[in-house]
Amino acid sequence: ETGNELSLNITDNTTVAVSFKLKTYSVTLNQTEGGTATASPGETTATALETVTFTATPDTGWHFAGWKVVGSDQGSDVSNPTLALAITGNTTVEPVFTKQMVGITAALAAGSKAGTIAMTTGGAAVPADGKVPYGTTVTVTVTPENASDMVDTWTVNGDVKSQMTADADAPLSYDVTVTGETDVVVKLIEKPKYTVTISATGNGTANIGGASEVMVGRGDSITATAAANNGSNYLKNWLVNNTETAKDGNTLTVGPVRQN
C-alpha cells in the first residue's frame, strides 16, 4: 500500500509497520565562461539532505565571484569557491566568474621631446584609472608637439618592444595586450639627419643638386644626377652603399633615407 492513509477492518490482533524512503532530487551543475566547476559526488541525482560539494576554479585572468543556486537552501557562503549544499529539492548550481581588472600606464621617457599620449581600446578611451579587463588590447598613441619629431623607442615593463632602425621607423601607435600591471614608455626624438655623399669613378661626374654631399632628414629622398664627360663614355651603373641599384639612367632617386 502507498499513500498517507490506510483503512483496515480489524478482526484480530494486528501489527502495522510503516516504511519511509528518502526522496531523490536532480542535481544540475552548469559550466560558465571564465572557469570550471566540479561536484562531489558527481552524480546527477541526490537523496534528500545529501550534501553535495561544489568547487569552482577560475581561469587565468578571471576571479570567482559567487554561486547561483536554485532549488536548495544555499547552506553556506556563496562567495566561497567551495560550496557544501544540503539537497532539499531539484537543484541547479552554476559558478559566476568575472574578468580580473589590471592596470596600464603610459608616459614619455626621460629626456624625450614633448608630446601627448592617449590610450584607447575598441575605439574608446581607457578609463582614467587605467584599469581594463585582463587580456584587453590597448592602443597607446603618442602625438609629438613638434610634428616632425619621431618615435625612437617603445618600452613595455622595461623591455624595448619597438624601435627606430636603419630599415624602418618606429610607429606613433603601439598595441599592448594587458595581462598584468603594465607600464608603457615612449621616447620621442628630433627627426634625425643623415649625410648623403656622392662620387663618380671613371670619366664622368655626379652630384646631388650640384653638391657632392648633402644633409637629409630621415624619411626624405634625394635625386642624384650623373653625366659622362664626352660621347665616348657611358654610365655603367649606380651603387648605393656598395650595392648595385641601377644600370642605366642619368638620374637616381634614393630614399626614404634612414641612414648615412
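Throughout, numbering of the chain's residues begins at 1 and tracks the sequence. Predicted model, so just to flag it, every value in this text is computed and none were measured.
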How long is the straight-line distance from OG1 of Thr28 back to CG of Asn90, given to the nearest 0.5 Å? 8.0 Å
Would a 4.5 Å heavy-atom cut-off, applied to side chains only, mark Leu29 and Glu94 as touching? no
Rounded distance (nearest 0.5 Å) linking atom CE of Met101 with atom NE2 of His63: 9.5 Å
Less than 4.5 Å apart, any side-chain heavy atom of Ile87 and any of Leu49? no
Cluster link Val186 to Val156, ILVMFWY, side chain under 4.5 Å: yes
Testing the basics here: between Ile117 and Ala106, what is the closest heavy-atom pair and its distance to 0.1 Å? CG2-CB, 3.7 Å
Asp149 side chain to Pro144 main-chain N or O, any donor-acceptor pair under 3.5 Å? no
Over all atoms of both residues, closest heavy-atom pair of Ala48 and Tyr25: CB-CE1, 3.6 Å
Mark yes or no for whether Thr91, through its side chain, and Val27, through its backbone, hold a donor-acceptor pair below 3.5 Å. no
According to a 4.5 Å side-chain heavy-atom criterion applied to Ile, Leu, Val, Met, Phe, Trp and Tyr, with indirect links allowed, do Phe97 and Val132 form part of one hydrophobic cluster? no
Enter the distance from Thr88:OG1 to Lys23:NZ here, rounded to the nearest 0.5 Å. 10.5 Å
Is it the case that atom CD in Gln31 sees more than 12 heavy atoms from other parts of the structure closer than 6.0 Å? yes
Start with the C-alpha gap between Leu172 and Thr143, add the side-chain angles, then the distance that decides, and say whether side-chain contact (heavy atoms from CB on, under 4.5 Å) holds. CA-CA 7 Å; Leu172 290 173; Thr143 302; over 6 Å; no
Where the side chain of Thr153 meets the backbone of Thr155, is there a donor-acceptor pair that is under 3.5 Å apart? no
Flag for Thr225-Asn207: side-chain donor and acceptor within less than 3.5 Å: no
Do Val184 and Val138 make a side-chain contact, defined as non-hydrogen atoms from C-beta onward lying under 4.5 Å apart? no
Ser162 side chain to Ala170 main-chain N or O, any donor-acceptor pair under 3.5 Å? no
Rounded distance (nearest 0.5 Å) linking atom OG1 of Thr182 with atom CG of Asn157: 5.0 Å
List the steps and the verdict of side-chain contact (heavy atoms from CB on, under 4.5 Å) for Arg218 and Gln259. CA-CA 8 Å; Arg218 183 180 176 90; Gln259 58 183 314; over 6 Å; no
Taking atom types as modelled, find out whether Asn146 and Ser148 have a side-chain donor-acceptor pair closer than 3.5 angstrom. yes
Would you check if Thr121 and Thr139 make a side-chain contact, meaning some heavy-atom pair closer than 4.5 Å? no
Could you check if a side-chain atom of Leu108 sits within less than 4.5 angstrom of a side-chain atom of Thr116, using non-hydrogen atoms only? no
Are Trp67 and Val93 close enough that some pair of their side-chain heavy atoms sits under 4.5 Å apart? yes
With the 4.5 Å side-chain cut-off for hydrophobic clustering, are Trp62 and Val96 part of the same group? no
How long is the gap from CE on Met119 to OG1 on Thr105, to the nearest 0.5 Å? 7.0 Å
Verify same cluster id: Ile208, Val216 (apolar side-chain graph, 4.5 Å): yes
When every non-hydrogen atom of Thr98 is compared with those of Ala65, the smallest separation belongs to CG2-CB, 3.9 Å
Heavy-atom closest pair, residues Ala206 and Ser199: CB-O, 4.4 Å
What's the separation between atom CH2 in Trp238 and atom CG in Asn250, rounded to the nearest 0.5 Å? 7.5 Å
4.5 Å side-chain heavy-atom contact, Thr177 and Thr179: yes
If every non-hydrogen atom of Pro41 is compared with every non-hydrogen atom of Thr51, which pair is closest and at what distance? CD-O, 3.9 Å
Evaluate the side-chain contact (heavy atoms from CB on, under 4.5 Å) criterion for residues Val151 and Lys187: first the C-alpha distance (whole Å), next the side-chain angles of each, then the deciding distance (0.1 Å), finally the verdict. CA-CA 6 Å; Val151 172; Lys187 184 176 182 180; over 6 Å; no
Closest contact, heavy atoms only, Pro133 versus Lys99: CB-CB, 3.9 Å
Does any N or O in the side chain of Thr245 come within less than 3.5 Å of the main-chain N or O of Thr243, such that one atom is a donor and the other an acceptor? yes
Walk me through it: do Leu83 and Val69 pass the test side-chain contact (heavy atoms from CB on, under 4.5 Å)? CA-CA 10 Å; Leu83 175 67; Val69 179; 3.9 Å; yes
Is Val140 linked to Val160 within one hydrophobic cluster, defined over Ile, Leu, Val, Met, Phe, Trp and Tyr using a side-chain heavy-atom separation of less than 4.5 Å? no
Report yes or no: do Asp175 and Thr137 form a side-chain donor-acceptor pair below 3.5 Å? no
Any ion pair linking Arg258 and Asp169 (charged N to carboxylate O, less than 4.0 Å)? yes
Under the 3.5 angstrom rule, does the side chain of Thr14 hit a backbone N or O of Asp12 as a donor-acceptor pair? yes
Who are the ring-ring contact (aromatic ring centres under 6.0 Å, His included) partners of Tyr174, not counting sequence neighbours? Trp154
Within the structure provided, determine whether Leu188 and Asp152 are in side-chain contact (heavy-atom separation under 4.5 Å). no
Residue list, salt bridge (Lys or Arg N to Asp or Glu O under 4.0 Å) with Lys131, at least two apart or on another chain: Glu181
